[in-house]
Amino acid sequence: MTVDVRRVRLLTSIPVALYVLSLSTWPVTAQGIPDEFTNLKVFPEDIAQQELVSAMRGFSMGLGVRCEFCHEGEPGQPLSTFDFASDDKETKLKAREMLRMVEAINSDHLARLASRSEPAVEVSCATCHHGQSRPRTLVAVLLEAYSDGGAHAAATKYAELREQYYGSWTFDFGEFQLVQVAQQLAAAGHYADGIQLLSLNLEQFPGSASTHFAVGEIHVATADTSAAIASYERSLELDPRNSISVVGQSQVGAYRDRLG
């Protein structure tokens with residue numbers, strides 16, 4: 001018996017758990033879906049309805065979208081009213097290219113690695129998207145918000161995203177995300193805004209040595225020596241073995257020598 005490797009890869013580009021879930025709900029999911037398909041450009045032309053519906057359900061969950069995101073149809077309307085063959089939506093054309101990219105990564109690029117784990121790791125739509133249609137990190141989203149409306153807008157966006165997504169797989173709300181944003185703002189000379197976002201981070205992570213160190217770095221840039229020493233000392237107090245604390249310790253010593 002021959003195996004269609006391309007079909008297997010397309011179907012396994014969705015997480016196994018999602019595939020099983022879609023199979024368990026198959027009778028409901030397939031209502032309104034045609035028995036035969038036209039204008040397939042990436043999936044095999046002879047793909048079974050159940051296989052295609054299962055794959056589409058996985059894509060939907062991986063990107064946090066519904067059928068109308070790629071297909072011509074109105075939200076909330078029966079799937080029988082959708083024009084699935086239409087290529088009018090740009091998102092559908094992009095989706096095809098993304099599927100080809102996933103296939104190339106798994107079958108070409110990863111396959112050329114000298115050694116691989118067992119079972120071999122493969123990427124899927126969810127690897128990057130994590131439940132959002134545009135695969136972006138929290139840092140990228142917050143910097144965009146800052147560009148639109150400053151530190152207040154970035155802080156507001158952070159609160160909104162944390163309320164909506166905390167505990168999910170979409171964004172990383174760990175202690176280093178706001179630190180990265182603040183460091184980029186400080187590098188561009190927006191010191192006060194960087195301090196504001198680091199203060200927000202300390203509300204979430206009061207014991208973050210990295211955040212206190214980043215505050216100290218901004219105070220150094222603004223020549224606020226006493227504030228820099230206080231921040232570095234707090235960082236050292238919280239985590240004296242952290243690698244950044246070694247830098248902080250030398251900085252504290254240098255500032256103390258300078259102050260006499």
Side-chain angles (χ1 to χ4, degrees), residues 1-113 116-117 119-137 140-141 144 168-170:
M1 182 181 72
T2 60
V3 177
D4 188 337
V5 176
R6 185 164 173 268
R7 171 186 265 115
V8 171
R9 286 192 178 279
L10 284 169
L11 292 176
T12 55
S13 68
I14 60 176
V16 174
L18 298 185
Y19 182 70
V20 173
L21 175 62
S22 61
L23 289 179
S24 67
T25 58
W26 139 251
V28 176
T29 307
Q31 290 180 0
I33 303 295
D35 294 325
E36 297 181 356
F37 306 104
T38 59
N39 198 30
L40 294 178
K41 300 293 179 63
V42 180
F43 285 96
E45 293 183 358
D46 63 344
I47 189 171
Q49 183 195 63
Q50 181 175 352
E51 288 180 312
L52 187 58
V53 169
S54 297
M56 291 297 168
R57 182 178 176 87
F59 302 152
S60 176
M61 297 179 72
L63 274 68
V65 298
R66 300 187 68 83
C67 301
E68 62 271 10
F69 184 76
C70 287
H71 298 291
E72 286 291 336
E74 295 298 323
Q77 296 302 308
L79 294 180
S80 58
T81 65
F82 279 56
D83 183 359
F84 290 104
S86 172
D87 285 343
D88 288 344
K89 283 201 170 183
E90 185 179 3
T91 47
K92 182 180 181 182
L93 304 181
K94 288 181 178 180
R96 283 183 176 142
E97 292 305 317
M98 294 299 101
L99 286 173
R100 294 184 180 108
M101 178 188 71
V102 168
E103 167 66 11
I105 291 172
N106 287 327
S107 62
D108 298 334
H109 301 287
L110 292 181
R112 289 199 294 267
L113 295 177
R116 302 187 67 181
S117 60
V121 174
E122 293 192 336
V123 304
S124 70
C125 300
T127 303
C128 293
H129 283 272
H130 289 181
Q132 56 178 331
S133 59
R134 294 179 62 197
R136 298 183 297 165
T137 64
V141 174
E144 181 179 297
S168 72
W169 62 346
T170 304

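Keep in mind it's a predicted model, so treat the numbers as computed, not measured. Numbering starts at 1 and runs along the sequence shown.
Across every non-hydrogen atom of Ser133 and Pro135, the tightest pair is O-CD, 3.6 Å. For the pair Thr91 and Cys70, the tightest heavy-atom approach, listed with the atom from each and the gap, is OG1-CA, 3.5 Å. Taking all atoms of both residues into account, the shortest heavy-atom contact from Asn106 to Val123 is OD1-N, 2.8 Å.
A side-chain donor-acceptor contact under 3.5 Å links Glu51 to the backbone of Ala48. Under a 3.5 Å cut-off, the side chain of Thr137 and the backbone N or O of Ala140 do form a donor-acceptor pair. With hydrogens and angles disregarded, a donor-acceptor distance shorter than 3.5 Å links the side chain of Ser60 to the backbone of Val65. Panel note: side chain Lys41, backbone Arg96; no donor-acceptor pair is recorded below 3.5 Å. A distance-only check finds no donor-acceptor pair linking the side chain of Arg100 to the backbone of Val42 [under 3.5 Å]. Judged by distance alone, the side chain of Ser86 and the main-chain N or O of Glu72 form no donor-acceptor pair under 3.5 Å. Checked by atom type and distance alone, the side chain of His130 pairs as donor or acceptor with a backbone atom of Trp169 at under 3.5 Å. Here the side chain of Ser54 pairs a donor or acceptor atom with the backbone of Gln50 at under 3.5 angstrom.
Put simply, the side chain of Lys92 reaches to within 4.5 Å of the side chain of Asp87, judged on heavy atoms. At least one side-chain heavy atom of Ile105 sits under 4.5 Å from a side-chain heavy atom of Leu110. Taking the side chain as every heavy atom from C-beta outward, Phe37 and Gln49 approach each other to under 4.5 Å. Contact of the Met101 side chain with the Met98 side chain is registered, since non-hydrogen atoms from C-beta on lie closer than 4.5 Å. Residues Phe59 and Leu99 meet the side-chain proximity criterion, which asks for heavy atoms closer than 4.5 Å. Between Gln132 and Leu63 there is no side-chain heavy-atom pair separated by less than 4.5 Å. Contact annotation: the side chain of Phe84 approaches that of Leu79 to within less than 4.5 Å [non-hydrogen atoms, C-beta and beyond].
The six-membered or imidazole ring of Phe82 lies away from that of His71, with a centre-to-centre distance of 6.0 Å or more.
We find the CD-CZ distance between Glu144 and Arg134 to be 5.5 Å, quoted to the nearest 0.5 Å. Atoms CZ and CD, from Arg116 and Glu122 in turn, are 6.0 Å apart once rounded to the nearest 0.5 Å.
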